[in-house]
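Structure first, commentary second.
The basis for the numbers below is simple: all heavy atoms, side chains too, and nothing from hydrogens, waters or symmetry mates. Keep in mind that this is a model prediction, so the values were computed, not measured. Naming: A, B, ... by sequence-line order, numbering from 1 per chain.
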Protein chains: 2
Amino acid sequence: MGKALNEKGQVYRNRNAWKVFSGIIKEMKPSKIFIITDENTHTHCLDYLFEKEKFKITPEIIIIPEGEIHKNISTCVKVWETLSEKGADRNSLIINLGGGVVTDLGGFVASTFKRGLPFINIPTSLLGMVDASVGGKNGVDLGPIKNQIGVINLPEMVLIDTEFLNTLPKEHITSGLAEMLKHGIIYSKEYWERVKNIDVCNKLEFEVLIWDSIEIKKEIVALDPSEKKLRKTLNYGHTLGHAIESYFLESPDKKILLHGEAVAAGIVLATFISMETYGFSKQSLRDISKTIFKYFPKQTFSKKDIEAIIKLLVFDKKNRNGQVLFVLMEDIGQHRTDCIVSNELIYSAFDYYKNF
Amino acid sequence: MGKALNEKGQVYRNRNAWKVFSGIIKEMKPSKIFIITDENTHTHCLDYLFEKEKFKITPEIIIIPEGEIHKNISTCVKVWETLSEKGADRNSLIINLGGGVVTDLGGFVASTFKRGLPFINIPTSLLGMVDASVGGKNGVDLGPIKNQIGVINLPEMVLIDTEFLNTLPKEHITSGLAEMLKHGIIYSKEYWERVKNIDVCNKLEFEVLIWDSIEIKKEIVALDPSEKKLRKTLNYGHTLGHAIESYFLESPDKKILLHGEAVAAGIVLATFISMETYGFSKQSLRDISKTIFKYFPKQTFSKKDIEAIIKLLVFDKKNRNGQVLFVLMEDIGQHRTDCIVSNELIYSAFDYYKNF
């Protein structure tokens with residue numbers, strides 16, 4: 001297997017992916033292999049991985065607790081300590097097997113242990129495949145604030161095998177769908193039309209749509225790796241989406257939302273604001289709202305909730321000089337970045353969301 | 001001020017440095033400025049900084065507790081939280097004003113907050129100037145294990161002003177001297193001869209030697225940025241030095257050593273091992289040992305201490321497959337990397353150290 005086998009950070013799918021995976025391990029000859037999983041992927045995904053790859057050295061398994069609430073520095077410290085105790089060195093390989101929490105945290109842990117060990121991401125959730133897999137972002141939350149601590153660093157490869165999706169509960173499939181719908185809105189009417197009518201039971205069609213979504217994200221990241229302009233569009237629906245997710249996470253009386261559930265609400269809100277600000281068509285707004293509510297239950301926001309969510313906006317990573325900056329759309333596929341939005345308009349957007 | 005004003009990671013000295021510093025701030029127009037200090041540099045160095053630079057926006061000052069023992073993740077969490085509370089965004093600038101602890105920790109905090117804020121290092125200790133200033137390494141300790149968590153990331157600039165050295169107690173000057181002596185041993189007889197007879201009271205001569213030391217480190221890092229071979233020589237004396245430092249740090253009955261004090265012992269030990277293994281000349285070994293003991297007090301190591309220190313060697317970041325790898329010298333300026341050393345020989349080296 002030659003050096004040209006893999007280019008860092010590339011995404012490989014299904015059968016070909018496992019060949020590249022074996023090739024990398026063969027070539028790298030890691031001193032040790034560590035597989036980071038959470039409780040769920042340890043139960044549901046590890047056997048399949050061992051079926052696909054007969055490791056020559058027995059990997060050490062590290063299990064982290066499941067859920068966004070554990071995507072924090074104290075979980076990192078535990079994993080760093082385990083790596084240290086088990087003798088991980090710079091020639092050890094880390095494999096992150098799991099959803100966004102595992103790949104985000106595992107990527108950060110690998111990027112910072114002894115100033116960086118090589119790692120491979122194997123996303124097992126739809127969200128992990130279509131969103132977290134591309135672009136090298138990793139990190140953990142600081143208190144309720146999402147992804148405040150992290151770096152950008154590419155894995156050796158990203159392995160996509162849609163077989164893993166069979167292990168997911170239904171709401172985790174729809175959670176990933178939110179990012180696919182977002183890719184349609186920010187990128188092209190053609191993809192939007194296809195993805196809004198997605199039939200997840202039609203495996204072949206679903207796979208094609210997943211792969212197209214990854215290609216869209218890859219293209220956007222390649223055109224603007226340092227997130228000056230175009231890449232910011234990937235944040236569509238996330239400014240309010242992240243704040244909603246953080247707020248529900250820290251509120252004892254709220255159910256913890258999946259990332260996609262929060263982003264779905266964020267998309268409806270941002271699209272309403274886009275209509276009010278840049279004349280985004282009413283008909284497309286209705287179309288998008290209808291599609292979102294077909295897949296995602298409506299959340300309830302009191303006036304107090306909305307106030308608190310607006311307060312959380314100041315922690316958004318795209319802010320500048322304390323100013324909250326939104327991505328908005330003029331039309332499907334036509335974006336505007338760095339938009340300032342009044343609180344009044346945000347309240348109106350929540351009104352629209354409630355009454356739709 | 002044009003874009004060519006500064007190249008990332010460059011080191012600037014004295015008067016010129018302050019001009020570049022002002023220029024960067026003028027050009028960057030940071031939304032906020034944060035100065036990270038420890039208790040000492042807050043008292044002794046901050047006024048001088050404010051004398052040299054009249055900031056247009058008032059910087060926020062973050063004070064971390066003084067000493068290696070606080071160079072850990074829990075101090076990072078406090079600084080990250082402060083940055084978050086005070087509204088740091090990606091357009092904020094972090095200035096690390098202090099010794100190696102402040103620049104190592106501050107550089108790591110800046111590199112990981114919101115996936116990376118720009119930062120400037122102003123080393124105020126001799127060690128910080130001649131060692132930590134070049135190469136972009138940053139990080140914190142994990143328990144007693146030095147620098148286990150970190151990344152490589154360049155600051156916008158490194159500002160060297162030797163005026164800061166006047167604020168240092170004598171033992172901190174000698175601590176930095178250990179790295180300068182090391183630069184002589186690994187790089188050239190000519191520099192070794194000059195630095196071994198250093199007169200720190202002769203300000204002009206001292207400054208020239210400091211600058212030459214920085215140039216040596218810069219040259220080595222530029223020739224081997226990814227630490228495949230040559231850059232490993234900068235680790236001379238550090239394999240045992242780090243283990244000694246860690247051991248004294250975690251032993252309640254031992255005084256905490258300054259980094260240079262531990263490295264000084266490590267240099268004598270590594271040079272004895274070099275003589276036994278690669279025929280390093282006995283005369284040069286005597287010369288090096290005499291020079292070290294002129295500046296550094298002899299430490300006492302019991303058999304139990306040495307055993308524990310050898311156990312700590314497994315955590316060295318340069319290890320591979322559980323094998324501890326030393327840098328050794330055939331002659332001053334003639335290195336060998338990735339050398340395996342028996343425990344027996346390490347015991348003999350401690351014997352030599354004790355009896356010299």
Side-chain angles (χ1 to χ4, degrees), chain A residues 29-32 57 72-74 76-92 104 108-117 135-153 226-228 314-325, chain B residues 29-32 57 72-74 76-92 104 108-117 135-153 226-228 314-325:
Chain A
K29 298 187 192 71
S31 56
K32 288 199 168 139
I57 52 174
N72 56 30
I73 285 291
S74 72
C76 291
V77 170
K78 280 177 209 138
V79 181
W80 284 323
E81 283 172 350
T82 307
L83 289 171
S84 202
E85 280 156 24
K86 306 250 177 196
D89 64 35
R90 282 193 187 148
N91 198 41
S92 299
D104 277 9
F108 179 65
V109 162
S111 301
T112 51
F113 187 74
K114 301 197 184 218
R115 299 199 192 93
L117 307 190
K137 285 189 179 175
N138 60 50
V140 295
D141 305 339
L142 185 70
I145 319 295
K146 295 263 303 169
N147 304 323
Q148 282 286 91
I149 309 304
V151 294
I152 293 193
N153 186 31
S226 58
E227 203 162 356
K228 296 279 176 243
V314 301
F315 297 109
D316 193 87
K317 286 188 289 302
K318 274 85 183 172
N319 289 351
R320 212 185 138 109
N321 301 328
Q323 203 61 275
V324 183
L325 298 175
Chain B
K29 298 186 192 71
S31 56
K32 290 200 166 138
I57 51 174
N72 56 31
I73 284 290
S74 72
C76 292
V77 170
K78 280 177 208 136
V79 181
W80 283 323
E81 283 172 351
T82 308
L83 290 171
S84 201
E85 279 156 24
K86 306 250 178 197
D89 63 35
R90 283 193 186 149
N91 198 40
S92 299
D104 276 8
F108 179 64
V109 162
S111 301
T112 51
F113 187 74
K114 300 196 185 219
R115 300 201 192 92
L117 306 190
K137 284 189 180 176
N138 61 49
V140 295
D141 305 339
L142 185 70
I145 318 295
K146 298 262 304 169
N147 304 323
Q148 283 284 93
I149 310 303
V151 294
I152 293 193
N153 186 29
S226 57
E227 203 161 357
K228 296 279 176 241
V314 300
F315 296 109
D316 193 87
K317 285 189 290 303
K318 274 87 184 170
N319 289 351
R320 210 186 139 110
N321 301 331
Q323 204 57 277
V324 183
L325 298 176

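Looking only at heavy-atom pairs under 4.5 Å with chain A, the residue among B:Ser31, B:Ser92, B:Gly150 that has the most is B:Gly150. Ranked by heavy-atom pairs under 4.5 Å with chain B, the first of A:Pro30, A:Ser84, A:Cys76 is A:Ser84.
Annotation: side-chain hydrogen bond (donor to acceptor under 3.5 Å, both in side chains) contacts of A:Asn319 (sequence neighbours excluded): none.
Of the two parts of B:Ser111, only the backbone, made up of N, CA, C and O, holds a non-hydrogen atom closer than 4.5 Å to a non-hydrogen atom of chain A. Contacts between A:Asn153 and chain B at a heavy-atom distance below 4.5 Å are absent for every atom of the residue. Residue contact with chain A, scored on non-hydrogen atoms closer than 4.5 Å, involves the side chain of B:Glu227 exclusively. For B:Ile149, the parts lying near chain A are the backbone and the side chain together; criterion is any non-hydrogen pair under 4.5 Å. Heavy atoms of B:Lys114 lying under 4.5 Å from chain A belong to its backbone as well as its side chain. Heavy atoms of A:Lys137 lying under 4.5 Å from chain B belong to its backbone as well as its side chain. Residue B:Asn138 touches chain A through its backbone alone, counting heavy-atom pairs closer than 4.5 Å.
Atom CZ of B:Arg115 sits about 6.0 Å away from atom CD1 of A:Ile152, to the nearest 0.5 Å. Once rounded to the nearest 0.5 Å, the distance linking OG1 of B:Thr112 with CD1 of A:Ile73 reads 7.5 Å.
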